[in-house]
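Here the structure comes first, spelled out in structure tokens, and everything after it is commentary.
Keep in mind that what you see is a predicted model, and the values were worked out from it rather than measured. These values consider heavy atoms only, across backbone and side chains, with no hydrogens, waters or symmetry-generated copies.
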Amino acid sequence: MRLRSLTLKAALLAGGMSLLAGAALAADDACTTAQPGALPADSAAILQKELPPAAQAGFEGYGSPVVASPYVNFKPPHAKPWVIGYNNSFSGNAWRAAALAELKKNVEKYKKLGLVKDLVVTDSNADTPTQIQQMRSMIQKGVDVIISIPGSPTAMNAVIDEAFEAGIPVLTLAAPVTTPNAINIDTNGYLIGKTMALGLAQILGGKGNIITVEGIPGTSGSELIKAGGQAVFKNCPNIKIVADLVGQWSESAAQTAVLQELSTDPTAIDGVWQQGSMFMGVVTALKQAGRPIVPVTVGNPNQNSLAYWHDNVSKGFKTAGTSNAPAAGMELVFRTAVRVMMGQGLKVSGVVVRPPLITADTLDQWWKPEFTVDSTGVGEPPPNTWMTDSVLDGYFANPSPLPQ
């Protein structure tokens, strides 16, 4: 009888250990496998009604409002060719320079096709009242469509509404505004954070100590990327965030913050999740502190980060990344603008890209031989992959191919 009791206890103990092991495996699986997310509650109904699944995929966890577009029945006041205004809040970094260069390239292409007459460019040098006045001047001069990177998500709403009343569509790039009369073209920041966090968790096997480096806390972009990262790390009980630092999307600021942390805390670090533009600053800090070069996520991606990754793969360096590509983003804005001006009928107020995961297997599609660790530009995705015309078609009531 005692033997039977011991056998039963052993079986129960083994079963309990098996359940615990199963729970641990389930936790690891949740950490290192993609977990489906939801459309934003306030926009889900309109997105499900108007967009096919391939287009809806970009809106998972998206943080800006999306409503029915007032341009679904829009016809321009006059026939082509059209004058385009570019209303920029500032142009002081490589991302902005790449965006403007792509816009000028597209303008020249479509001039030859007879769709564009001219391009008017303004730069407010980060002064929002000046940017508002510059857009108002464009309206008064009668440009036909305005592309803008607003310096505020709300301050420019009134002047964008003025443009709408004048029959001038305003499209924003990577800086959505809250008026329903704008057309916001964006890369989903929440998914940027989530994609990089998942890639890092997979490399670490779901366990280890990490540092996170934010951009500018409190800004919508930084907070969305952070929320995406947290959506992964909350499922990773064996990944410990030992420090959450502020890098201001600056290599030098990130280098200072990380070096200070490493100098005061001897905890071994297994990886760094940084929001973007700060990769080389983090790597430099690790070197200066005499620490191993651990996986550091690649955002944007900057050309120097792609060069470092490519040059060190053979030495065992591993990481993961994603993209908020300036040239590809601007090219998408331009394609959307031309479709709107051609009367194809935009159905919702936002066109949002689901950012890709960059891995060692896809690195060569992003890296170019001219990239070095001293490069200051931003890497771009493989051609015709950022948002394909077939996906963009789903945003329009009457889609048709653009002239080529």
**Asked** Which heavy-atom pair separates Val66 from Ile46 by the least distance, and what is that distance?
**Response** O-CG2, 3.7 Å
**Asked** Any Lys/Arg nitrogen of Lys240 or Asp270 sitting under 4.0 Å from an Asp/Glu carboxylate oxygen of the other?
**Response** no
**Request:** Apply side chain to side chain contact (heavy atoms under 4.5 Å, CB included) to the pair Val177 and Ile160, showing each step before the final yes or no.
**Result:** CA-CA 9 Å; Val177 292; Ile160 292 172; 3.8 Å; yes
**Prompt:** Under 4.5 Å between any side-chain heavy atoms of Glu102 and Pro326, yes or no?
**Reply:** no
**Request:** Tell me yes or no: between the side chains of Glu214 and Thr212, is some donor less than 3.5 Å from an acceptor?
**Result:** no
**Prompt:** Asn106 and Glu331: side-chain donor and acceptor closer than 3.5 Å?
**Reply:** no
**Request:** Tell me, with the steps shown, if Val353 and Leu332 meet side chain to side chain contact (heavy atoms under 4.5 Å, CB included).
**Result:** CA-CA 10 Å; Val353 175; Leu332 175 59; 3.5 Å; yes
**Prompt:** Salt-bridged, Lys111 to Glu108, with N to O below 4.0 Å?
**Reply:** yes
**Asked** Closest heavy-atom contact between Trp386 and Pro356?
**Response** CZ3-CD, 3.7 Å
**Prompt:** If every non-hydrogen atom of Met387 is compared with every non-hydrogen atom of Leu392, which pair is closest and at what distance?
**Reply:** SD-CD1, 3.9 Å
**Message:** With a 4.5 Å cut-off on side-chain heavy atoms, are Leu346 and Arg339 touching?
**Reply:** no
**Prompt:** Do NZ/NE/NH1/NH2 and the carboxylate oxygens of Lys226 and Asp244 come within less than 4.0 Å?
**Reply:** yes
**Message:** Give me the atom names and distance for the closest heavy-atom approach of Val333 to Thr172.
**Reply:** CG2-O, 4.3 Å
**Complete:** Correct closest heavy-atom pair for Pro40 and Phe59 would be CD-O, 3.1 Å
**Request:** Assess whether side chain to side chain contact (heavy atoms under 4.5 Å, CB included) is satisfied between Asn304 and Asp374, documenting all intermediate values.
**Result:** CA-CA 6 Å; Asn304 56 11; Asp374 296 317; over 6 Å; no
**Prompt:** Quick one: CD1 on Ile185 to CD1 on Ile149, what's the gap to the nearest 0.5 Å?
**Reply:** 12.0 Å
**Request:** Taking atom types as modelled, find out whether Arg96 and Asn88 have a side-chain donor-acceptor pair closer than 3.5 angstrom.
**Result:** yes
**Request:** Would you confirm whether Asn188, through its side chain, and Gly58, through its main-chain N or O, come within 3.5 Å as a donor-acceptor pair?
**Result:** yes
**Asked** Is the ring centre of Tyr308 less than 6.0 Å from the ring centre of Phe279?
**Response** yes
**Prompt:** Are the side chain of Thr319 and the backbone N or O of Val296 linked by a donor-acceptor pair below 3.5 Å?
**Reply:** yes
**Asked** Considering all heavy atoms of both residues, which atom of Pro81 and which atom of His78 are nearest to each other, and what is their separation?
**Response** O-CE1, 3.5 Å
**Prompt:** What do the steps show when you test Thr359 against Asp361 for side chain to side chain donor-acceptor pair (under 3.5 Å), and what is the final call?
**Reply:** CA-CA 5 Å; Thr359 67; Asp361 291 337; 4.5 Å; no
**Asked** So Ile192 and Asn324, side chain to side chain contact (heavy atoms under 4.5 Å, CB included) or not? Walk me through it.
**Response** CA-CA 8 Å; Ile192 288 174; Asn324 182 17; 3.9 Å; yes
**Prompt:** Looking at CD1 of Ile132 and OG of Ser137, how far apart are the two atoms once the value is rounded to the nearest 0.5 Å?
**Reply:** 13.5 Å
**Prompt:** Is the backbone of Asn125 close enough, under 3.5 Å, to the side chain of Asp123 for a donor and an acceptor to pair up by distance?
**Reply:** yes
**Item:** Thr179 side chain to Asn157 side chain, donor-acceptor N/O pair below 3.5 angstrom
**Value:** no
**Prompt:** Can a donor-acceptor pair be found between the side chains of Asn302 and Asn300 at a distance below 3.5 Å?
**Reply:** yes
**Prompt:** Are a donor atom and an acceptor atom from the side chains of Gln288 and Gln255 found within less than 3.5 Å of each other?
**Reply:** yes
**Message:** What verdict does the side chain to side chain donor-acceptor pair (under 3.5 Å) test give for Ser222 and Gln275, after you've listed the backbone C-alpha separation in whole Å, the side-chain angles of each residue and the deciding distance to 0.1 Å?
**Reply:** CA-CA 8 Å; Ser222 190; Gln275 290 192 353; 3.0 Å; yes
**Asked** Counting only heavy atoms not in Asn384, do more than 12 fall under 6.0 Å of its CG?
**Response** no
**Prompt:** Going by atom types alone, do Tyr71 and Asn181 pair a side-chain donor with an acceptor below 3.5 Å?
**Reply:** no
